[in-house]
Every structure is written in C-alpha cells, then in structure tokens.
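Since this is a predicted model, take the numbers as computed values, not measurements.
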Amino acid sequence: MLRRRKTSASELKRDLSAHGGALSMSQNTRSFFNFSQLVLSAGHLKPPPALKHSKITYFEVEILDVHSKKQICIVDKIPPSSTLLDVKHKFHKACPQWYPSRVGLQLERNGPYLKDSVNIQSLAASSIITLYFTDLGQQVGWTTFFLTEYTGPLLIYLLFYIRLSTIYDQVESTKNFRHPVVHLACFCHCLHYIRHLLETLFVHKFSGGHTPLKNMIKGCAFYWGFTSWIAYYINHPRYTPPSFGHRQVSLAALAFLMCEAGNHFINVALAHQNHSGNKACFPSPTYNPFTWLFLLVSCPNYTYEVGSWISFTVMTQTLPVGIFAFLMVIQMSLWAQKKHKLYLKKFYPEVRRKAAMIPIVF
C-alpha cells in the first residue's frame with residue numbers, strides 16, 4: 001500500500017511537471033506570435049538613409065566695359081540653370097542706372113549680343129565667365145514702337161483732310177469742290193493704318209523684345225513726314241483728279257482693298273502658326289484664296305503691303321505717294337530677302353523654288 005502511494009505521488013509530480021512545461025511552452029509560443037505580429041505591423045526593417053551631400057557649382061560672371069575693358073562688377077552665386085536675363089536682373093540690382101533691356105552683353109568684344117534666353121552654363125568654360133557690357137541706350141517695347149509709328153499718320157492725314165485754316169487758304173478751300181477720289185483716298189489711308197493698329201494689339205504677339213528709342217524716332221520721322229507730304233497734296237484745294245477718271249480710281253481702289261485683305265489674312269495665318277507652336281514647317285496656304293500667294297513667295301505679307309501702296313499711287317496719281325511707294329518697295333524687298341535667307345536655312349526643300357517677295361523678279 002505504501003509503495004502504491006509513493007508511486008502515485010511520484011506520478012502526480014511528473015504529471016504536474018509535464019503540465020507546467022506545457023503551460024510554459026504555450027506561453028512562449030504566444031509571446032513569439034505577438035512579437036511576430038508586432039514586427040509585421042511595423043513593416044520591413046530598413047536601415048536609416050544615408051545623407052547625400054550634393055554639391056552645386058555656382059558661377060561668377062565678371063562684367064567688363066566693352067571699350068575700356070575695366071571691370072564694372074562681378075555677379076556671383078549664379079546657378080547653372082540661370083539664363084542671361086537672370087544675370088541682367090542681378091546686374092541691374094548692382095547698377096540701377098542700367099535696366100535689363102538696356103544692357104547688351106557679349107562673349108567677345110566684337111561678337112554679337114547674346115540673347116536673354118541663353119543658358120549661363122552653355123557659356124561657361126570655367127566657374128568664372130567674362131562678359132562685355134554695352135549700353136544700348138534708352139529702349140522701348142515693340143508694341144509701343146508700332147502704336148506710336150502708326151497712330152501718327154492716321155491723325156496727321158485727318159488734320160489735312162479737314163483743311164485747317166492754318167494749312168490751306170480758307171477762301172480757296174470753300175470755293176473749290178472736292179473730287180470723290182479725295183474722300184476715297186482718306187478712307188483707304190485711314191483703313192490702312194487702323195488695320196495696322198488693330199493687328200498690333202490683337203494679332204501680332206511680341207516676345208517682350210525692345211528696340212532703341214532712336215529707332216522709333218527715325219521710323220516716326222519717316223512715316224509722319226511722308227504722311228504730311230502726301231496728305232498736303234491730295235487734300236489741297238487745287239488737287240486735280242487722275243487722268244483716266246472714274247475707271248482708274250475704281251480699279252485702283254479695288255486692288256487696294258484686295259491687298260489690304262490679303263495682308264491681314266497672311267498676318268493672321270503667321271500669327272496662328274506661332275501661337276500653335278508649329279514652327280517646324282513653312283506656312284502653307286489654306287482654303288482662303290488670299291493665302292495662296294504662299295505657293296509663289298515666302299513673304300506674301302510684304303507683297304501685299306507693296307501692292308497696297310502701288311494701288312494707292314495709281315488711285316491718287318500724286319508724286320509724293322509714288323516716291324513713298326518706291327521707297328517702300330526697296331525697304332520691303334530688303335526685309336523679304338533677309339527673311340527668305342532664314343527660311344532657306346530652316347525649310348530649304350519647301351522654300352528653294354519660291355521667290356522672296358515678288359515672283360521671278362526678287
């Protein structure tokens with residue numbers, strides 16, 4: 001009996017030890033499971049990111065006077081992504097008397113002026129860039145330039161048309177009858193310059209460029225002076241009508257209106273091409289018949305401009321208009337030749353068989 005009780009006691013002890021081991025194992029398993037859930041919820045263990053020390057190279061721009069080669073200032077801490085316009089703004093802060101549009105910068109003393117859009121890194125051979133400064137003089141915007149140039153002739157012609165007593169003899173003005181061509185010439189002349197003004201405001205888009213004030217003064221002197229001469233003759237009380245009468249006036253007026261319409265539609269087509277950003281191909285004619293001149297010449301807007309003044313000369317039959325038209329032909333042909341050369345570089349296959357302004361002749 002005692003032996004059997006000892007055995008039972010020893011068995012009971014083993015059972016308790018086994019049960020306690022099982023409990024400790026289940027607790028360890030549960031702790032490991034909880035730890036695993038914690039790790040999974042925390043995500044993947046990643047090492048801390050290494051700090052990257054990025055070194056940005058800044059440029060220094062040394063600006064020298066183009067004539068004396070003396071140093072004007074040094075513009076420092078120029079980032080590589082900066083343009084020349086950014087340099088001009090910083091130069092203006094250092095030298096307030098020269099605003100950006102007045103500053104001309106050259107890489108070489110006899111070289112061309114650099115454009116504002118040039119990236120400063122493209123000019124760098126080292127961390128120090130040397131540029132030569134030229135004072136371009138007082139500048140005006142292109143919109144101001146054209147508005148001033150075209151407003152003058154419009155107002156000046158109307159002053160002569162109403163025959164001010166300070167210009168013509170008042171007694172002679174009241175006695176003489178005005179020929180219908182005088183009224184028609186006033187209408188055509190005003191229409192021409194009103195079209196230019198409206199296109200300057202709503203059609204042409206200028207890229208923020210500037211031109212010296214002296215260029216505007218020369219342009220105004222040319223247009224305003226010739227307008228005064230032309231208007232004085234056409235509106236004079238002793239003005240004589242054209243030799244072939246009504247037929248000459250009518251045909252010339254019709255040709256003038258067609259050239260004005262053609263010039264407008266060509267300018268609209270060129271502006272539409274610039275706005276759409278499609279500068280990779282030469283402007284092509286559309287369903288509008290006035291744009292078909294693109295098939296023959298590369299600068300039809302100049303062709304129509306010359307046609308307007310030749311038609312105005314035939315309609316009024318006056319010497320000042322003829323001289324002005326002759327000078328316009330020369331000037332427009334020079335501009336057309338210059339633009340035609342640029343077109344040949346960009347669109348050679350499309351332009352090589354075209355004339356610049358007048359088919360075959362130029």
Side-chain angles (χ1 to χ4, degrees), residues 149-150 152-163 168 176-199 222-267 288-293 296-297 299-337 355-362:
E149 193 174 70
Y150 296 143
L154 178 64
L155 300 178
I156 290 172
Y157 196 98
L158 292 175
L159 291 176
F160 282 91
Y161 176 74
I162 61 178
R163 289 183 176 179
Y168 302 110
N176 292 327
F177 171 74
R178 291 196 188 191
H179 194 274
V181 70
V182 176
H183 304 292
L184 183 61
C186 180
F187 170 78
C188 292
H189 191 274
C190 292
L191 176 67
H192 178 78
Y193 284 102
I194 289 175
R195 177 184 64 80
H196 273 302
L197 290 172
L198 293 177
E199 288 178 351
F222 177 76
Y223 281 98
W224 294 16
F226 262 102
T227 299
S228 302
W229 192 24
I230 290 169
Y232 177 80
Y233 270 80
I234 296 177
N235 297 288
H236 199 281
R238 297 183 182 180
Y239 169 75
T240 55
S243 304
F244 297 97
H246 180 71
R247 180 179 297 180
Q248 178 180 342
V249 173
S250 300
L251 293 176
L254 180 62
F256 177 87
L257 294 176
M258 291 181 64
C259 289
E260 287 294 302
N263 203 338
H264 172 70
F265 288 121
I266 291 296
N267 288 331
N288 190 335
F290 289 103
T291 63
W292 294 351
L293 200 56
L296 301 175
V297 296
C299 303
N301 51 331
Y302 295 148
T303 307
Y304 282 124
E305 183 75 13
V306 167
S308 294
W309 285 111
I310 293 176
S311 303
F312 195 75
T313 302
V314 175
M315 181 177 64
T316 58
Q317 196 174 309
T318 53
L319 179 63
V321 183
I323 295 175
F324 182 75
F326 176 73
L327 295 177
M328 289 297 288
V329 170
I330 296 176
Q331 182 63 71
M332 294 292 169
S333 63
L334 294 175
W335 288 344
Q337 286 290 337
M357 187 179 75
I358 300 177
I360 303 173
V361 179
F362 295 101

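Legend: residues meeting side-chain hydrogen bond (donor to acceptor under 3.5 Å, both in side chains) with Arg247, ordered by chain and number and at least two apart, are absent. Applying the side-chain hydrogen bond (donor to acceptor under 3.5 Å, both in side chains) rule to Gln248 yields the partners Gln317; only residues at least two apart in sequence or on another chain are considered. Take Arg163 and apply the salt bridge (Lys or Arg N to Asp or Glu O under 4.0 Å) test, not counting sequence neighbours, and it matches no residue. Applying the side-chain hydrogen bond (donor to acceptor under 3.5 Å, both in side chains) test to Tyr157 and every residue at least two apart in sequence or in another chain returns nothing. In this view, Thr227 satisfies the side-chain hydrogen bond (donor to acceptor under 3.5 Å, both in side chains) rule with no residue, not counting sequence neighbours. Applying the ring-ring contact (aromatic ring centres under 6.0 Å, His included) criterion to Tyr239, with sequence neighbours excluded, gives no partner residue. Every residue two or more places apart in sequence or in another chain that forms a side chain to side chain contact (heavy atoms under 4.5 Å, CB included) with Leu197 is listed here: Leu147, Tyr150, Thr151, Leu154.
Pairing each heavy atom of Phe312 with each of Ala185, the nearest pair is CE1-O, 3.6 Å. The two atoms that bring Phe256 and Ser308 nearest to each other are CD1-O, 3.2 Å, heavy atoms only. The two atoms that bring Val329 and Met357 nearest to each other are O-CE, 4.1 Å, heavy atoms only. Considering all non-hydrogen atoms of both residues, Tyr233 and Pro320 come closest at CD1-CG, 3.7 Å. Nearest heavy-atom pair, Ala336 versus Ala356, reported as atom, atom and distance to 0.1 Å: O-CB, 3.9 Å. Closest approach of Gly322 and Thr313 over heavy atoms only: CA-CG2, 3.6 Å.
The side-chain heavy atoms of Pro300 and Asn263, taken from C-beta on, include no pair separated by under 4.5 Å. The side-chain heavy atoms of Phe326 and Ile330, taken from C-beta on, include a pair separated by under 4.5 Å. You'll find the side chain of Thr316 stays beyond 4.5 Å of the side chain of Pro242, heavy atoms only. The closest side-chain heavy-atom distance from Tyr304 to Leu293 is below 4.5 Å.
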message: Walk me through whether Tyr232 and Tyr168 qualify under ring-ring contact (aromatic ring centres under 6.0 Å, His included).
response: CA-CA 9 Å; Tyr232 177 80; Tyr168 302 110; 5.4 Å; yes
message: Between Val297 and Ile358, is the side-chain contact (heavy atoms from CB on, under 4.5 Å) condition met? List the steps.
response: CA-CA 7 Å; Val297 296; Ile358 300 177; 5.9 Å; no
field: Chi angles and distances behind the side-chain contact (heavy atoms from CB on, under 4.5 Å) call for Val314, Leu251
entry: CA-CA 9 Å; Val314 175; Leu251 293 176; over 6 Å; no
task: Would you check, one step at a time, whether the test side-chain contact (heavy atoms from CB on, under 4.5 Å) holds for Ile234 with Phe160?
output: CA-CA 9 Å; Ile234 296 177; Phe160 282 91; over 6 Å; no
- prompt: Given Ile323 and Phe226, is the side-chain contact (heavy atoms from CB on, under 4.5 Å) satisfied, shown in steps?
  reply: CA-CA 9 Å; Ile323 295 175; Phe226 262 102; 4.0 Å; yes
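No more than 12 heavy atoms of other residues, nucleotides or ligands sit less than 6.0 Å from atom CZ of Phe187. A 6.0 Å sphere centred on CE of Met328 holds more than 12 heavy atoms belonging to other residues, nucleotides or ligands.
Summarising the geometry, atom CD1 belonging to Ile194 is positioned 11.0 Å from atom CD belonging to Glu260; distances are rounded to the nearest 0.5 Å. Once rounded to the nearest 0.5 Å, the distance linking CZ of Phe265 with CG of Asn301 reads 14.5 Å. One finds the CG atom of Leu191 at 6.5 Å from the CG atom of Leu257 (value rounded to the nearest 0.5 Å). In this structure, the separation between CH2 on Trp224 and CG on Leu155 is 8.5 Å, given to the nearest 0.5 Å.
Contacts classified as salt bridge (charged side-chain N to carboxylate O under 4.0 Å, His left out) and involving residues 316-336 (residues at least two apart or in different chains) are not found. Among residue pairs with one or both ends in residues 231-244, those qualifying as salt bridge (charged side-chain N to carboxylate O under 4.0 Å, His left out) are Glu172-Arg238; sequence neighbours excluded. Pairs engaging residues 302-330 under the salt bridge (charged side-chain N to carboxylate O under 4.0 Å, His left out) rule: Arg195-Glu305 [sequence neighbours left out]. Sequence neighbours left out, not one pair with a member in residues 315-331 passes salt bridge (charged side-chain N to carboxylate O under 4.0 Å, His left out). For residues 177-191, the side-chain hydrogen bond (donor to acceptor under 3.5 Å, both in side chains) pairs, not counting sequence neighbours, are Tyr161-His183.
The only option from Trp309, Phe324, Tyr223 that meets the ring-ring contact (aromatic ring centres under 6.0 Å, His included) definition with His192 turns out to be Trp309.
A donor-acceptor pair under 3.5 Å is formed between the side chain of Asn235 and the backbone N or O of Ala231.
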